[in-house]
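Below, read A as the first sequence line, B as the second, and so on, with proteins coming before strands; counting in each chain starts at 1. Predicted, not measured: the structure shown is a model, and the values here were computed from it.
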There are 2 protein chains.
Amino acid sequence: MNLPALRSHNAALVLDLLRTAGEDGISRLELAERTGLTPQAVSKITARLRAEGLAREAGRRASTGGKPRTVLRLVPSAAYAVGVHLDRDELTVVLVDLAGVRVARRRTSLDLGAGVDVVLDAIGTEVEALRSATAVATETATATAAVKRAATATETESGIEAGDEAPAPAPAPALLGAGVAMPGPLDHLTGTPGRVTGHPHWEGVPLRDELVRRLGLPVELDKDTNATALGLALHAPVPDSFAYLHLGTGLGCGLVLDGALHRGARTGAGEFGHQTVQLDGPLCGCGGRGCLEALCLAAVARGDIPEAARILGTGAANLVRLLDIDRVVLGGRVVLAAPEEFARGTREVLAGLGLAAGVAVTPYAVAEGAAQLILAPTFGK
Amino acid sequence: MNLPALRSHNAALVLDLLRTAGEDGISRLELAERTGLTPQAVSKITARLRAEGLAREAGRRASTGGKPRTVLRLVPSAAYAVGVHLDRDELTVVLVDLAGVRVARRRTSLDLGAGVDVVLDAIGTEVEALRSATAVATETATATAAVKRAATATETESGIEAGDEAPAPAPAPALLGAGVAMPGPLDHLTGTPGRVTGHPHWEGVPLRDELVRRLGLPVELDKDTNATALGLALHAPVPDSFAYLHLGTGLGCGLVLDGALHRGARTGAGEFGHQTVQLDGPLCGCGGRGCLEALCLAAVARGDIPEAARILGTGAANLVRLLDIDRVVLGGRVVLAAPEEFARGTREVLAGLGLAAGVAVTPYAVAEGAAQLILAPTFGK
DNA sequence: CCACTTAAGCAACGCTGTTGCCAAAGTGCA
DNA sequence: TGCACTTTGGCAACAGCGTTGCTTAAGTGG
């Protein structure tokens with residue numbers, strides 16, 4: 001790591017604390033305590049962020065016997081990102097600000113089984129519609145360059161020159177890129193889908209590169225469960241470890257360990273549904289026997305939600321013990337159809353084994369998580 | 001992160017590459033390529049490391065048309081660490097050099113069920129015997145301070161002053177500390193055992209602090225499986241992800257994800273043996289049903305090794321799919337009694353599910369891994 | 001009203017990795 | 001044997017990072 005990288009690292013640290021503080025804001029001294037930097041260093045860093053339009057002063061705290069602390073806040077409108085959720089039968093596109101708040105959404109029904117070009121066209125059309133409707137500048141502006149610098153120091157290819165000392169208090173906001181979430185398997189490093197269940201024609205399509213070309217934006221691709229887990233991780237008040245279990249068409253999982261999304265080297269982590277919980281159980285499509293997904297969905301199919309919840313809870317318990325995680329978050333259409341029953345059933349299994357992990361149900365939207373694929377690096381995630 | 005921390009970080013990066021290169025050594029230019037630093041920066045860093053006695057020049061490579069590259073090597077004898085393996089019926093104490101190579105060992109039979117003081121006394125006696133037998137300086141020397149600086153920048157408490165420009169080419173080697181591995185559960189942050197199966201009197205004993213007092217050395221405590229996994233991780237040619245599965249008195253696991261040991265917030269990660277693989281199976285002592293450990297050990301008890309291997313392989317497959325890890329490493333008394341059968345059985349299960357993870361058996365000693373608890377921070381691990 | 005406390009900026013500084021230049025130490029062709 | 005060329009690695013000057021010492025700003029409380 002060199003000096004520019006150090007600068008980016010610390011800027012990301014500060015930006016992340018500003019983001020987490022949200023509407024409440026945070027003072028320079030508290031930033032200093034939390035980052036371990038000196039107050040003077042924080043002053044310099046926040047001065048840069050303010051000059052770049054990413055942060056601003058917003059009121060003061062009550063005095064504790066001396067000069068009151070000045071509160072700093074993130075400027076959510078300084079930058080935006082697009083989130084795309086490419087589901088089996090539906091396409092959702094959202095625009096999200098720097099704070100992760102959705103500011104616009106479009107939704108179309110779309111068959112993932114349609115031709116690759118049809119889907120790519122649809123994404124292009126929807127994103128363009130979102131852009132023009134919300135008038136977020138397409139061209140790279142001051143804040144974009146600032147955020148990019150904050151995110152990665154090795155970005156040497158950018159020929160962008162940030163203007164000195166923005167005279168206007170608010171530089172034009174800009175679009176940082178588009179994050180795309182879809183059912184796995186896929187490789188997030190190359191941005192290429194693998195053999196998507198039921199849609200083999202997607203295998204090997206250079207989806208990310210193609211979208212970069214069509215949208216003229218940086219694009220990141222990841223599994224729907226990973227995107228959702230990432231979004232949830234950024235909403236946690238403090239970095240922790242949790243698993244997002246998604247029960248929909250299949251049973252998948254996104255893992256966040258110590259605040260960081262764990263993808264594995266081949267984006268293969270999170271194959272939660274095909275763990276064996278019944279040795280020599282019924283044969284599963286994956287080639288295994290007694291897979292959690294098969295047993296759980298079979299219970300759902302025959303209307304036995306308590307049993308489905310118990311099976312899901314058993315899988316969750318395996319995971320909690322193996323990884324020592326703090327909480328389990330449930331989501332997906334099937335869970336959301338009976339959230340109380342699934343939460344209760346899962347909780348009961350964990351409690352019965354003496355495990356302290358919390359259980360919650362979230363209706364968190366995948367598309368917002370997809371946008372976080374773009375925003376997360378800004379905050380060092 | 002500040003400048004001293006940056007310096008430590010880069011020094012650790014370079015030291016790790018020197019360590020990995022081993023006897024072959026590595027040139028300055030290759031270090032520059034691998035770290036992303038400029039050659040000049042690497043020259044400065046390695047000059048410091050050489051002055052501190054941690055690295056030295058050792059020959060040159062063949063020329064490729066110009067000045068031949070000078071080879072740099074780690075000086076293994078620059079520092080040492082003690083590794084303590086506190087097992088249920090035996091105490092093993094080793095001395096390990098900076099390269100992780102064992103240079104001395106002592107072994108005594110010792111009942112973990114004996115009084116806490118008896119065990120502490122035994123550790124003290126054995127470590128002292130090891131020290132005097134190998135004449136490794138007890139007092140902190142130049143290299144110690146250097147290694148400590150390389151390891152952690154926040155170490156402000158040290159009142160040690162490193163001498164300027166050591167005139168002698170080889171500063172006195174020093175003992176960095178002692179790593180202790182024992183059966184879990186325990187908390188590695190506080191260095192306190194939890195409710196060790198069969199030995200409840202260890203619960204809450206401030207083991208690490210007590211040993212710091214008795215040995216006069218920094219001490220780290222961790223689970224035996226974690227220590228072993230850490231040791232194996234440091235032997236990998238490239239940082240990767242793997243699980244160390246230990247089948248002995250019980251069935252435990254150490255997880256290394258992207259080259260880093262995953263302990264979980266409460267050192268609870270690795271509860272591999274108590275995952276349910278047989279819904280509504282036989283009751284286990286942990287309160288669950290159909291636990292992997294119970295089923296696997298039952299098969300071992302009735303002499304059915306192939307079945308034990310198949311069950312172990314099933315658990316391994318769950319883990320490989322969940323975490324997308326590269327390889328599975330087997331160890332422990334039971335496995336080592338029939339290494340080929342366990343390896344083959346595990347491999348067959350993985351292959352049958354189309355998983356590419358490699359399977360190997362290791363006789364790697366826990367005590368060496370324990371010593372790595374002390375050495376690892378020097379290399380940024 | 002004034003002493004005191006707390007927050008935050010200015011200027012000088014030490015130390016980081018970087019850049020530009022040059023010496024060292026080989027190869028290979030004439 | 002000599003000389004041009006290639007490659008390595010150190011020296012010196014430098015830009016930029018966070019830190020230190022001090023000053024100014026802006027409150028509280030007797």
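The CZ atom of A:Arg60 sits 12 Å away from the C1' atom of C:dT6 (whole-angstrom rounding). If you take CG of A:Asn10 and C1' of C:dT16, they are 13 Å apart, rounded to a whole angstrom. The nearest whole Å value for the distance from the CG atom in A:Leu6 to the P atom in C:dC15 is 16 Å. Atom P of nucleotide C:dT16 and atom CG of B:Leu13 are separated by 16 Å, given to the nearest angstrom. If you take CD of B:Glu57 and C1' of C:dA24, they are 13 Å apart, rounded to a whole angstrom.
Residue-level contact check: A:Arg48 touches the backbone only, with heavy atoms under 4.0 Å from sugar-phosphate atoms and none from bases. Residue A:Ser27 is classed as having no contact, given no heavy-atom separation below 4.0 Å to the nucleic acid. Among the atoms of the strands shown, only primed sugar atoms or phosphate atoms (P, OP1, OP2) are found under 4.0 Å from some heavy atom of A:Leu29.
Contact annotation: A:Arg28 reaches the phosphate of C:dG9 (side-chain N/O to OP1 or OP2, under 4.0 Å). Listed pair A:Thr70 / C:dA8 meets the phosphate criterion, a side-chain N or O lying under 4.0 Å from OP1 or OP2.
Here the side chains of A:Val96 and A:Val103 are not in contact, with every heavy-atom distance at 4.5 Å or above. In this structure, the side chains of A:Arg266 and B:Asp326 come closer than 4.5 Å at one or more pairs of heavy atoms. Residues B:His188 and B:Asn226 form no side-chain contact, since every pair of their non-hydrogen atoms from C-beta on lies 4.5 Å or further apart.
Along DNA chain D, read 5' to 3', the first and last nucleotides having any atom under 4.0 Å from a heavy atom of chain A are D:dC17 to D:dT28.
Of all heavy-atom pairs spanning B:Asp324 and A:Ala265, the tightest one is OD2-N, 3.4 Å.
Nearer to the 5' terminus of DNA chain C, by closest-nucleotide assignment, is the contact made by A:Gly65 (compared with the other of A:Gly65 and A:Thr46). Of the residues near DNA chain D, B:Met1 and B:Pro68, the one whose nearest nucleotide (by heavy atom distance) lies more toward the 5' end is B:Pro68.
Legend: side chain to side chain donor-acceptor pair (under 3.5 Å) pairs involving residues 17-28 of chain A, not counting sequence neighbours, sorted by first then second residue: A:Asp16-A:Arg19, A:Arg28-A:Glu57.
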Per-pair distances, 0.1 Å, donor-acceptor, side chain in residues 62-69 of chain B, under 3.5 Å, sequence neighbours excluded:
from	atom 1	to	atom 2	distance (Å)
B:Ser63	OG	B:Gly65	N	3.0
B:Ser63	OG	B:Gly66	N	3.1
B:Ser63	OG	B:Gly66	O	2.6

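Expressed to the nearest 0.5 Å, how far CD of B:Gln372 lies from CG of B:Leu232 amounts to 10.0 Å.
Residues that satisfy the salt bridge (charged side-chain N to carboxylate O under 4.0 Å, His left out) test with A:Asp240, not counting sequence neighbours, are A:Arg327. When the side chain to side chain donor-acceptor pair (under 3.5 Å) test is applied to B:Arg213, the partners found at least two apart in sequence or on another chain are B:Glu210.
Within residues 35-45 of chain B, the residues approaching DNA chain C are B:Thr38, B:Gln40, B:Ala41, B:Lys44, B:Ile45, by heavy-atom distance under 4.0 Å.
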